[in-house]
Amino acid sequence: MQRVALLLLAALFPIASYAQVPAQARQSTPQTEPQPAPAQEPVNSFSFVRYRADYEVKADATSVETNEYEILIKTKASVDNFSQVRLSYSEKMESLEVLAAYTLTPDGERHDVPADKIYTQESYSSASAAMYADRKVKVIVFPNLSPGTRVVYRYRQSQNTPYFPGYFGLWENLSLFTQYDDAKITLSAPKSLPMHLYTRDVQGSDRPRVEGDTAHWSWTYQRKTPMQNQNWTAAGWEYGPTIMASTYPDFSAMGRAYQSKGAEAAALTPAVRSRADEITKGIGDRRAQAAAIYEWVAKNIRYVAVYLGNGGLEPNSADSILANRYGDCKDHTVILEALLAAKGIASTPVLIGAGGGPTLPPVAVLGRFNHAINYLPEFDLYLDSTSPYARFGQLPASDLGAPVVHTADGKLSRTPANGPAVSAYRADSFYTFSANGDVSGHTLQDSGASGEIGLRGMFSQLTSQNRARVEDSIMSASGFNGVGRLKLKGDVDDLGKPFGYSFEFDATDYVDFSVVGGMTLPDPPGADSMRGIYATASSETNATPFYCNDSLREETYTLKFPATVPLIAIPRSSRFSNAAGEYEASWKREGQVVTATHRLSLNAIHGPDKLCLPADYPAFRELYQYVRRGFRAQIVYGDLNTAQVSEEAVR
């Protein structure tokens, strides 16, 4: 499905082509004089020469954060990355002031950023929906950057109103992949204010230095040589240097604090009751009522992405959401909760760490939760109505296996695991060969419940204008010269029924049966294949923990050969397993029909709520190597009387 998605995107957003440089122009000029040695490749594209973060917390949990960055630009790519710095804040709850902004040239000359190059913009979410005009972005534009320049800026961000009553949170993650020459983080707070702390791999103590009524903490960090990029890695906070602080004792307290703001917004009103009755008219079954309400919200309340912590945590009222017909994730939980309550169906908002792995930090920091969904205890069901393509009971892959807190009672839990039950991928491809080497056939695929959501999103962009280009791209990506046809199964917008697709194809000159040859299994048009999975584990080692979950992929190939083509041999079936999972390739022949099935199951080695460790990586790499070998196997065909056979082979 991933490959089909990329091909569809390519068709929707074509890239301009450019004329090739003539061959004569590309030829190198003969060297008549010694050339200077090439410049030494930089270790990284930028580094933090100096980083300072100072947090001052008051008794009411309001705070002032002062940050200072001095960044050395080493490559042209970093010139683009740091030519414009964007600092986000909530105008309703915060204020932000740029205290200094300038560049330092390699010879030490300072250039201050002009005042008119520091300005305030609406955030992307504010621009798309007036309800969220509270979110602002302070932009600093640094002119005339080049490798060797240092970018320096300092700003003060004041939390004038805490996100939750009595809540202050600090979360500093210092990446192992970044060079820090000199980093220092300080925290001061009234000694009477509870402060829960966790640190890893930084210098400093979690025990404060107390002066009068104020407690002080200080940490430093330095990393001169950044770690090489890794093939697989979890979020940096899971294993890298980090500092966490929170005035809340646990995530349950955070959930209950959210509920105190959100419950009022979901209050029942005449407008809500009327809409719920209209949606469920003629539906008596309670689960069917819940499904109808969910589908209405998913399809009629436009989702505006304002993540938790970005623009306040107080949702809008159900009535205003109904009137405006758009909302962020908090608003989606409100309107869904209110409409369900109108039919007597209980639910609770759920704070979720979507797409961030299976674990929670040891300290209750708000940044771990970036999304809100609903939970219906009557049906033991999680619902995410921000996805307009998820059927009732389906969750996007990013929501699966994620830690959550139910805000109604502060209960910590976890969404259903992202395992084979919801995300198994199966593809069946059928090929009928002609004696002249042409081939026709079709591909069927089942991407599981979570994959179906992505399919709907992809194919919602399919039009008669771009369909032919998508079909051509699928054919060429699979190595076929011919015509392909997408066949949709179901309606993208009908969330009451399953959705999928098949792909039919007719290709010419795929194989030459007039000679003895060997054929690997064709790349299935319109489906993904595991055959290239080894490339994801190309490095011999992996130095960081990584996310892993139970999964299943199964591909079946059915090839029908002409009666006139002798089939000399097919591969033996094989099987390999280790701690990472199991791979099986099974082959069988019935007359002129060869069927091959490749099956790969992967394990969450330490359980669905744990990370895989660097020591686990070799097992995955070994398993993927067997997959690589399995797809090298060939069907041998042809008339041996037409081939030159060595005497050794005859003996």
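- Counted by atom type alone, Asn374 and His332 present zero donor-acceptor pairs between their side chains at under 3.5 Å.
- The closest side-chain heavy-atom distance from Tyr425 to Asp528 is below 4.5 Å.
- Under a 3.5 Å cut-off, the side chain of Ser478 and the backbone N or O of Met475 do not form any donor-acceptor pair.
- Of all heavy-atom pairs between Thr642 and Ser514, the closest is OG1-O, 4.3 Å.
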Item to check | Verdict with supporting geometry, Glu540 and Arg621, salt bridge (charged side-chain N to carboxylate O under 4.0 Å, His left out) | outcome: CA-CA 8 Å; Glu540 290 188 6; Arg621 191 167 190 264; 5.2 Å; no
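- Checked by atom type and distance alone, the side chain of Asn324 never pairs as donor or acceptor with a backbone atom of Tyr326 at under 3.5 Å.
- For the residue pair Tyr583/His598, the side-chain donor-acceptor check at 3.5 Å is satisfied.
- Using a 4.5 Å heavy-atom threshold, the side chains of His371 and Ile373 count as touching.
- For the pair Leu444/Lys489, a side-chain contact is recorded, criterion being any heavy-atom separation below 4.5 Å from C-beta on.
- Relative orientation of the Phe480 and Tyr431 rings is parallel, given thresholds of 30° and 60° on the angle between their planes.
- Under a 3.5 Å cut-off, the side chain of Asn542 and the backbone N or O of Trp232 do form a donor-acceptor pair.
- Using a 30° and 60° split on the angle between ring planes, Tyr382 and Tyr375 fall in the tilted class, from 30° to 60°.
- At least one side-chain heavy atom of Arg368 sits less than 4.5 Å from a side-chain heavy atom of Pro403.
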Item to check | Leu486/Arg467 under side chain to side chain contact (heavy atoms under 4.5 Å, CB included): CA gap, chis, key distance, verdict | outcome: CA-CA 8 Å; Leu486 278 168; Arg467 174 186 281 267; 3.5 Å; yes
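- A side-chain N or O of Asn466 and one of Thr463 form a donor-acceptor pair less than 3.5 Å apart.
- Sorted by first and then second residue, the side-chain hydrogen bond (donor to acceptor under 3.5 Å, both in side chains) pairs involving residues 564-578 (not counting sequence neighbours) are Arg575-Glu582, Asn578-Glu622.
- Judged by distance alone, the side chain of Arg589 and the main-chain N or O of Gly591 form a donor-acceptor pair under 3.5 Å.
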Next on the checklist: Test side-chain hydrogen bond (donor to acceptor under 3.5 Å, both in side chains) on Asp438 and Thr508; report intermediate values, then the result.
Outcome noted: CA-CA 4 Å; Asp438 294 349; Thr508 59; 4.9 Å; no
Do any side-chain atoms of residues 342-360 form donor-acceptor pairs under 3.5 angstrom with protein atoms, and if so which ones, sequence neighbours left out?
| from | atom 1 | to | atom 2 | distance (Å) |
| --- | --- | --- | --- | --- |
| Lys343 | NZ | Asp277 | OD1 | 3.0 |
| Thr348 | OG1 | Ala408 | N | 3.0 |
| Thr359 | OG1 | Glu238 | OE1 | 2.7 |
| Thr359 | OG1 | Glu238 | OE2 | 3.0 |

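- Once rounded to the nearest 0.5 Å, the distance linking CD of Gln394 with CD1 of Ile453 reads 5.0 Å.
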Item to check | Residue pair Val516, Tyr637: steps toward the side chain to side chain contact (heavy atoms under 4.5 Å, CB included) verdict | outcome: CA-CA 6 Å; Val516 175; Tyr637 57 84; over 6 Å; no
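- Side chain of Thr415 to backbone of Ala402: a donor-acceptor contact under 3.5 angstrom is found.
- Side chains of Asp523 and Ser529 form a contact here, defined as non-hydrogen atoms less than 4.5 Å apart.
- Between Asp331 and Asn316, the side chains place a donor N or O and an acceptor N or O closer than 3.5 Å (distance only, hydrogens not considered).
- Checked for salt-bridge contact, Asp285 and Arg287 miss the test: no charged N lies under 4.0 Å from a carboxylate O.
- Residues Thr541 and Tyr617 bring no donor and acceptor atom of their side chains to less than 3.5 Å of each other.
- Sorted by first then second residue, the side-chain hydrogen bond (donor to acceptor under 3.5 Å, both in side chains) pairs that include residues 601-615, not counting sequence neighbours, are His606-Asp616.
- Salt-bridge annotation for Glu278 and Lys281: absent, with no side-chain N of the basic residue lying under 4.0 Å from a carboxylate O of the acidic one.
- Not a single donor-acceptor pair under 3.5 Å links the side chain of Glu504 to the backbone N or O of His442.
- Counting only distance, with no hydrogens or angles, the side chain of Arg414 and the backbone of Pro608 share no donor-acceptor pair below 3.5 Å.
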Next on the checklist: Set out, in order, the CA-CA distance, both residues' side-chain angles and the distance that settles side chain to side chain contact (heavy atoms under 4.5 Å, CB included) for Phe433 and Lys560, then state yes or no.
Outcome noted: CA-CA 6 Å; Phe433 294 95; Lys560 184 177 181 180; over 6 Å; no
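- By the neighbour-count criterion of 12 heavy atoms within 6.0 Å, atom NZ of Lys299 is densely surrounded, having more than that number from other residues, nucleotides or ligands.
- Interatomic distance, Leu383 CG to Glu337 CD, rounded to the nearest 0.5 Å: 12.0 Å.
- Salt bridge status for Glu452 with Arg391: present, with a side-chain N to carboxylate O gap under 4.0 Å.
- At a threshold of 4.5 Å between non-hydrogen side-chain atoms, the residues Asp428 and Thr558 do not count as touching.
- For the residue pair Thr556 / Thr597, a side-chain donor-acceptor distance below 3.5 Å is found, with atom types taken as modelled.
- Looking at Asp399, its side chain never comes within 3.5 Å of a backbone N or O of Leu395 through a donor-acceptor pair.
- Nearest heavy atoms, Gly327 versus Ile301: N-CG2, 4.0 Å.
- Side chain of Asp550 to backbone of Ala604: a donor-acceptor contact under 3.5 angstrom is found.
- Looking at Phe561 and Leu567, their side chains come closer than 4.5 Å, going by heavy atoms from C-beta outward.
- Between Arg553 and Met530, some side-chain heavy-atom pair lies under the 4.5 Å cut-off.
- Under the 4.0 Å criterion applied to side-chain N and carboxylate O atoms, Arg456 and Asp493 are not assigned as salt-bridge partners.
- Side chain to side chain, Thr544 and Thr233 meet the donor-acceptor criterion of an N or O pair below 3.5 Å.
- Under the 6.0 Å cut-off for aromatic ring centres, Phe620 and Phe546 qualify, their centroids lying closer than that.
- A donor-acceptor pair is defined here as one N or O able to donate and one able to accept, closer than 3.5 Å; such a pair exists between the side chain of Gln592 and the backbone of Val565.
- For Arg629 and Tyr626, the positive end sits near the middle of the six-membered ring, less than 6.0 Å away and at most 45° from its axis.
- The existence of a salt bridge linking Arg599 and Glu554 is confirmed by a sub-4.0 Å separation between a basic side-chain nitrogen and an acidic carboxylate oxygen.
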Checklist entry - Yes or no on side chain to side chain contact (heavy atoms under 4.5 Å, CB included) for Leu322 and Val272, after CA distance, side-chain angles and deciding distance? => result CA-CA 8 Å; Leu322 279 179; Val272 170; 4.0 Å; yes
